[in-house]
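Written out below as structure tokens is the structure these notes cover.
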Amino acid sequence: MSDPTAIAQQFTQFYYQQFDSDRNGLASLYRDTSMLTWESTQIQGSTAITEKLVNLPFQKVQHKIVTIDAQPSSPSTASIIVLVTGQLLVDEGTNPLQFTQVFHLMPEGGSYFVFNDVFRL
């Protein structure tokens, strides 16, 4: 397996840049089997997840990553668990919100998709 930390860093950089600029672009990272848990609400499938993310109650968002930790998650599949902590600013707010997000990345072709995504403020 390639370096899980390097993959996690590349993935999170892409994910949060895309989230901050155009959340519709996140659809390609999820599959019909993917699940998002957003503040205890579970959502399954790429379409439903993208709809949830696009319809969040803010227009502008800016993520600042504080830590990224990654580990291989299976001895038989090159899947990776990624834990991200950080801060985010929404709309014109000046007080950053603390967040934690966990991604379970599964290999597909030469890339990865998000199998599980758990987000908490």
Side-chain angles (χ1 to χ4, degrees):
M1 174 193 277
S2 299
D3 179 15
T5 300
I7 293 166
Q9 289 172 337
Q10 291 172 1
F11 169 80
T12 54
Q13 180 180 3
F14 175 80
Y15 182 91
Y16 293 115
Q17 283 178 349
Q18 188 65 54
F19 194 108
D20 294 355
S21 62
D22 179 13
R23 287 173 259 167
N24 280 303
L26 296 172
S28 66
L29 297 177
Y30 297 94
R31 301 294 177 268
D32 288 340
T33 56
S34 299
M35 180 170 278
L36 166 67
T37 300
W38 185 274
E39 293 290 318
S40 300
T41 302
Q42 292 186 338
I43 302 139
Q44 185 157 11
S46 179
T47 302
I49 291 169
T50 304
E51 184 176 302
K52 171 67 176 176
L53 298 176
V54 168
N55 291 313
L56 289 170
F58 48 80
Q59 298 303 310
K60 291 172 41 179
V61 62
Q62 181 182 6
H63 288 83
K64 180 184 178 206
I65 305 308
V66 176
T67 65
I68 301 171
D69 295 300
Q71 297 179 356
S73 62
S74 170
S76 59
T77 306
S79 58
I80 302 171
I81 294 286
V82 181
L83 172 64
V84 180
T85 63
Q87 302 173 337
L88 56 92
L89 285 170
V90 294
D91 293 326
E92 302 304 322
T94 56
N95 295 324
L97 303 169
Q98 306 297 318
F99 78 92
T100 301
Q101 193 161 14
V102 174
F103 298 100
H104 183 196
L105 305 178
M106 297 292 287
E108 181 180 72
S111 189
Y112 287 84
F113 73 92
V114 179
F115 185 62
N116 301 100
D117 180 352
V118 181
F119 178 88
R120 275 282 181 190
L121 284 176

Verify the cluster assignment for Ile81 and Ile7: are they in a single hydrophobic cluster under the rule of side-chain heavy atoms below 4.5 Å apart?
-> no
Please round to the nearest 0.5 Å and tell me the distance separating atom CD of Gln42 and atom OG1 of Thr37.
-> 4.0 Å
Around Gln98, counting heavy atoms of other residues, nucleotides and ligands shown, do more than 12 lie under 6.0 Å from its CD?
-> yes
Would a hydrophobic clustering, with Ile, Leu, Val, Met, Phe, Trp and Tyr connected at side-chain separations under 4.5 Å, put Ile43 with Phe103?
-> yes
Can you measure from CG (Leu121) to CG (Leu88) and round to the nearest 0.5 angstrom?
-> 6.0 Å
If you measure from CG on Leu53 to CG on Asn55, what distance do you get to the nearest 0.5 Å?
-> 9.5 Å
Kindly determine whether Phe99 and His63 satisfy side chain to side chain contact (heavy atoms under 4.5 Å, CB included), including the steps that lead there.
-> CA-CA 9 Å; Phe99 78 92; His63 288 83; 3.7 Å; yes
Do Arg23 and Gln18 pass the side chain to side chain contact (heavy atoms under 4.5 Å, CB included) test, and can you show the C-alpha distance, the side-chain angles, and the key distance before you say yes or no?
-> CA-CA 6 Å; Arg23 287 173 259 167; Gln18 188 65 54; over 6 Å; no
Evaluate side chain to side chain contact (heavy atoms under 4.5 Å, CB included) for Arg31 paired with Glu108, printing each intermediate quantity in order.
-> CA-CA 11 Å; Arg31 301 294 177 268; Glu108 181 180 72; 2.4 Å; yes
Do you see a donor-acceptor pair shorter than 3.5 Å between the side chains of Ser79 and Ser74?
-> no
Reported OH-to-CG distance for the pair Tyr15 and Asp20, which is rounded to 0.5 angstrom | 10.0 Å
Measuring from Thr12:OG1 to Leu105:CG, what's the distance to the nearest 0.5 Å?
-> 9.5 Å
Determine yes or no for a side-chain-to-main-chain donor-acceptor pair under 3.5 angstrom, with Asp91 supplying the side chain and Lys60 the backbone.
-> yes
Heavy-atom closest pair (Ile68 atom, Val82 atom, distance to 0.1 Å) is CG2-CG1, 4.0 Å
May I have the step-by-step check of side chain to side chain contact (heavy atoms under 4.5 Å, CB included) for Leu83 and Thr100, ending in yes or no?
-> CA-CA 7 Å; Leu83 172 64; Thr100 301; 3.6 Å; yes
Where is the tightest heavy-atom contact between Thr33 and Gln44, given as atom of each residue plus distance?
-> O-NE2, 3.5 Å
Could you pull out the closest heavy-atom pair between Ile65 and Val84, with the gap in Å?
-> CD1-CG1, 3.7 Å
hydrophobic_cluster_shared for Trp38 and Met35, side chain cutoff 4.5 Å | no
Does Phe14 share a hydrophobic cluster with Leu36, counting links as ILVMFWY side-chain heavy atoms below 4.5 Å and allowing steps through other members?
-> yes
Closest approach of Ala27 and Ser46, non-hydrogen atoms and distance?
-> O-OG, 3.1 Å
Can the ring centroids of Tyr112 and Phe11 be said to lie less than 6.0 angstrom from one another?
-> no
Minimum heavy-atom separation for Ile80 to Ala70, with atom names?
-> CG2-CB, 4.1 Å
For Gln59, does the CD atom have more than 12 heavy-atom neighbours from other residues, nucleotides or ligands under 6.0 Å away?
-> no
Leu89 and Asn95: which non-hydrogen atoms are nearest, and at how many Å?
-> CD2-C, 3.8 Å
Check whether any side-chain heavy atom of Pro96 lies under 4.5 Å from a side-chain heavy atom of Lys64, and answer yes or no.
-> no
Taking atom OG1 of Thr5 and atom CG of Asp3, what is their separation to the nearest 0.5 Å?
-> 5.0 Å
Path from Phe119 to Val114 over hydrophobic side-chain contacts below 4.5 Å = yes
